Amino acid sequence: AAGVVALNILIVRRRAVAAPRAPVSFASDGVMSRNVGPGGSQSQFSLRRSRGLSREAVPLLPSGSDDDDFEDDTGEDYDDRIVGETDLESTTTVVTGPFNGRIAAGVRPGPRLSIAIGGVALGCLLLAFGIVDVGHIRLTPRGLLSKSEVTPHWCDKPFEPPAGWPWKPTIVGEPLQVKVLTYNLQWWSLFGLRGGADASAGMLIEGASRPQPFDMMGFQECQDTHRVLRDAGLADRYVAVQGSMALGLAYAALVWTPLGQGEEAVAEDMQEQYYGKRIVQWVRLRHVRTGKIVFFMNHHGPLELNSGGLCGGQSTAHNILRVITTNAMAGDAIIVLGDFNANVASGTIGELERSLYRAYTGVTYGGIDHIFTNLPFSQEQLNLGTGGSDHCALSVVLDIAGAALVPGSFPGVPIATTSTSAITSTTSSKPPPRAQSGQQVVSVSVLK
């Protein structure tokens with residue numbers, strides 16, 4: 001506000017005065033003289049305030065003259081504005097220049113100019129502290145920004161990585177292969193409107209569980225994780241954890257022992273597509289046979305797409321990483337998956353890739369489903385198709401080992417077989433399994 005007032009004071013409009021071209025000078029006492037030329041007569045002008053903050057040049061009438069003899073450039077008579085004689089010789093000229101209609105020159109600092117300078121100084125001070133605030137707009141050193149861009153929100157927190165971050169997994173001892181799934185079920189449509197579509201999602205999961213079962217699964221837009229497992233015929237083999245915000249996860253029972261679990265808000269939707277805060281759901285597990293520890297996290301990201309939500313992509317990624325470093329430990333194998341509502345060009349994914357490998361990305365809505373890990377070796381990245389949802393389910397096998405493993409050689413969950421099994425290369429006479437609709441087979445070998 002102070003800056004606006006100062007600018008209005010400094011914008012001085014001067015009306016043109018009908019007069020021939022001649023040198024003009026401003027004296028230190030505010031009186032301006034115009035010299036017609038050698039031997040010519042001399043007229044005097046003063047500056048008066050007119051029409052708000054504008055100024056105009058007005059001729060000084062000779063003593064005793066009738067002001068009706070003087071008219072301005074509009075033909076209107078000047079009012080009684082006889083100032084009298086002025087001793088120009090006693091003044092000090094500060095500005096000179098041609099008189100050409102409007103006068104582009106200043107005068108010595110007066111009270112109003114001093115106020116203007118003070119206003120500008122005050123405006124600059126307020127600007128420096130970023131506290132010039134009008135309505136929903138705030139003037140900051142970065143320019144005019146909305147309050148949401150400059151006001152700290154609950155999700156806008158700095159991330160201070162711990163020593164040794166990013167953590168590397170412990171690979172000593174027996175190797176281990178962990179198979180994971182991420183699946184956005186579009187619950188409102190698949191289960192709410194279509195009643196589950198004859199357990200289509202469950203059938204997809206059951207089929208993808210053979211031959212190597214899933215160790216962990218993460219579901220988004222999932223109101224009932226137990227129902228999903230029942231539809232897949234796997235309810236008695238997995239521990240289901242139903243979280244808030246329609247997140248659910250499951251891990252293989254008897255094979256993995258829980259060491260801790262929880263959830264935490266990390267982002268919030270923008271007002272244009274607002275459904276609320278967005279969380280991460282996590283569980284820390286120890287493999288019974290090998291003792292390997294996995295920190296498994298499930299996430300459904302904020303809207304709008306690629307925005308990172310209320311606090312932006314970098315803050316969302318930082319909040320995810322903060323939950324990891326707070327609840328996991330150095331040496332854990334870290335797996336983070338879900339529907340991030342952000343593709344590889346977003347700030348969220350770019351920031352996460354500074355700390356974790358992106359093992360696989362889907363194709364739905366430009367590729368917003370991802371699987372991240374700190375494990376450098378992965379295999380059998382599969383796009384399993386939609387199963388009636390609007391998202392494709394994704395599956396990856398991750399190796400907790402110092403080198404890439406032969407697929408199926410060290411499964412986390414034992415592979416049930418009724419006959420002798422062997423690892424066979426895809427270059428054998430028998431072709432690899434045919435992908436279902438929307439499915440992609442990336443593995444270099446398959447289990448027969």
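None of the values given here were measured: they were computed from a predicted structure.
Heavy atoms only, all atoms of each residue included: Arg289 and Leu176 are closest at NH2-CD1, 4.2 Å. Taking each heavy atom of Ser395 and Leu384 in turn, the nearest pair found is CB-CD1, 3.9 Å. Closest approach of Ile415 and Pro213 over heavy atoms only: CG1-CD, 4.3 Å. Nearest approach of Ala359 to Val396, heavy atoms of both residues: CB-CG1, 4.5 Å. What you find for Glu380 and Val397 is that their closest heavy atoms are OE1-CG2, 3.9 Å. Nearest approach of Gln379 to Val406, heavy atoms of both residues: OE1-C, 4.1 Å.
From Ser189, atom OG reaches atom CD of Gln186 across 4.0 Å, with rounding to the nearest 0.5 Å. We find the CG-CG distance between Asp269 and Leu310 to be 9.5 Å, quoted to the nearest 0.5 Å. Annotation: the span from Thr225 atom OG1 to Leu247 atom CG amounts to 9.0 Å, rounded to 0.5 Å. Note: Gln271 CD to Glu304 CD = 10.5 Å, rounded to the nearest 0.5 Å. Separating the OG1 atom in Thr182 from the CG atom in Asp369 is a distance of 6.0 Å, to the nearest 0.5 Å. The distance from the SG atom of Cys311 to the CD atom of Gln314 is 11.5 Å, given to the nearest 0.5 Å.
Checking His153 against Glu268 by side-chain atom types alone, no donor-acceptor pair falls below 3.5 Å. A side-chain N or O of Thr290 and one of His287 form a donor-acceptor pair less than 3.5 Å apart. For the 3.5 Å distance criterion, the side chains of Thr364 and His391 fail to qualify, holding no donor opposite an acceptor. The closest side-chain donor-acceptor pair between Gln381 and Ser378 falls under 3.5 angstrom.
With Ile334 as the fixed residue, the side-chain contact (heavy atoms from CB on, under 4.5 Å) test singles out one of Leu375, Ile324, Leu321, Ile293: Ile324. Each of Phe296, Tyr357, Phe340, Phe295 was evaluated against Phe372; a single residue qualifies, Phe340, per the ring pair (Phe, Tyr, Trp, His ring centres under 6.0 Å) test. The side-chain hydrogen bond (donor to acceptor under 3.5 Å, both in side chains) test with Arg284 singles out one residue from Asp332, Thr257, Asn327, and that residue is Asp332.
Between Tyr183 and Phe214, the gap from one ring centroid to the other reaches at least 6.0 Å.
With Arg194 contributing its side chain and Gly388 its backbone, the two residues share a donor-acceptor pair below 3.5 Å. Of the possible polar contacts, one joining the Asn306 side chain to the Asn343 backbone as a donor-acceptor pair under 3.5 Å is found. A distance-only check finds no donor-acceptor pair linking the side chain of Lys179 to the backbone of Pro411 [under 3.5 Å]. A distance-only check finds no donor-acceptor pair linking the side chain of Asn341 to the backbone of Leu303 [under 3.5 Å]. Listed for the Asn319 side chain is a donor-acceptor partner under 3.5 Å among the backbone atoms of Val266. Side chain of Thr348 to backbone of Thr316: no donor-acceptor contact under 3.5 angstrom is found. No donor-acceptor pair under 3.5 Å is formed between the side chain of Thr326 and the backbone N or O of Val323. Remark: the backbone N or O of His226 is paired with a side-chain donor or acceptor of Asp224 at under 3.5 angstrom. Remark: the backbone N or O of Ala235 is not paired with any side-chain donor or acceptor of Arg230 at under 3.5 angstrom. Gln281 places a side-chain N or O within donor-acceptor distance of the main-chain N or O of Val241, the cut-off being under 3.5 Å.
Atom CE of Met203 is surrounded by 12 or fewer heavy atoms from other residues, nucleotides or ligands within 6.0 Å. Taking a 6.0 Å sphere around CZ of Arg286, one finds it holds 12 or fewer heavy atoms contributed by other residues, nucleotides or ligands. For Tyr274, the OH atom is densely surrounded, since the number of other residues' heavy atoms within 6.0 Å is greater than 12. In Asp198, the CG atom is not crowded: 12 or fewer heavy atoms of neighbouring residues, nucleotides or ligands sit closer than 6.0 Å.
Using a 4.5 Å heavy-atom threshold, the side chains of Leu382 and Leu394 count as separate. Looking at Lys157 and His318, their side chains never come closer than 4.5 Å, going by heavy atoms from C-beta outward. By the 4.5 Å heavy-atom criterion applied to side chains, Ile400 and Leu398 are not counted as neighbours. Using a 4.5 Å heavy-atom cutoff, the side chains of Asn298 and Leu337 are in contact.
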Please walk me through it: do Ser355 and Trp165 pass side chain to side chain donor-acceptor pair (under 3.5 Å)?
-> CA-CA 8 Å; Ser355 299; Trp165 181 260; 3.0 Å; yes
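Salt bridge annotation for Arg358-Glu353: present, with a cationic side-chain nitrogen under 4.0 angstrom from a carboxylate oxygen. Under 4.0 Å is where a charged nitrogen must lie from a carboxylate oxygen, and between Arg322 and Glu160 no such pair does.
Lys292 forms no cation-pi arrangement with Trp256, by the criterion of a distance under 6.0 Å to the ring centre and an angle within 45° of the ring axis.
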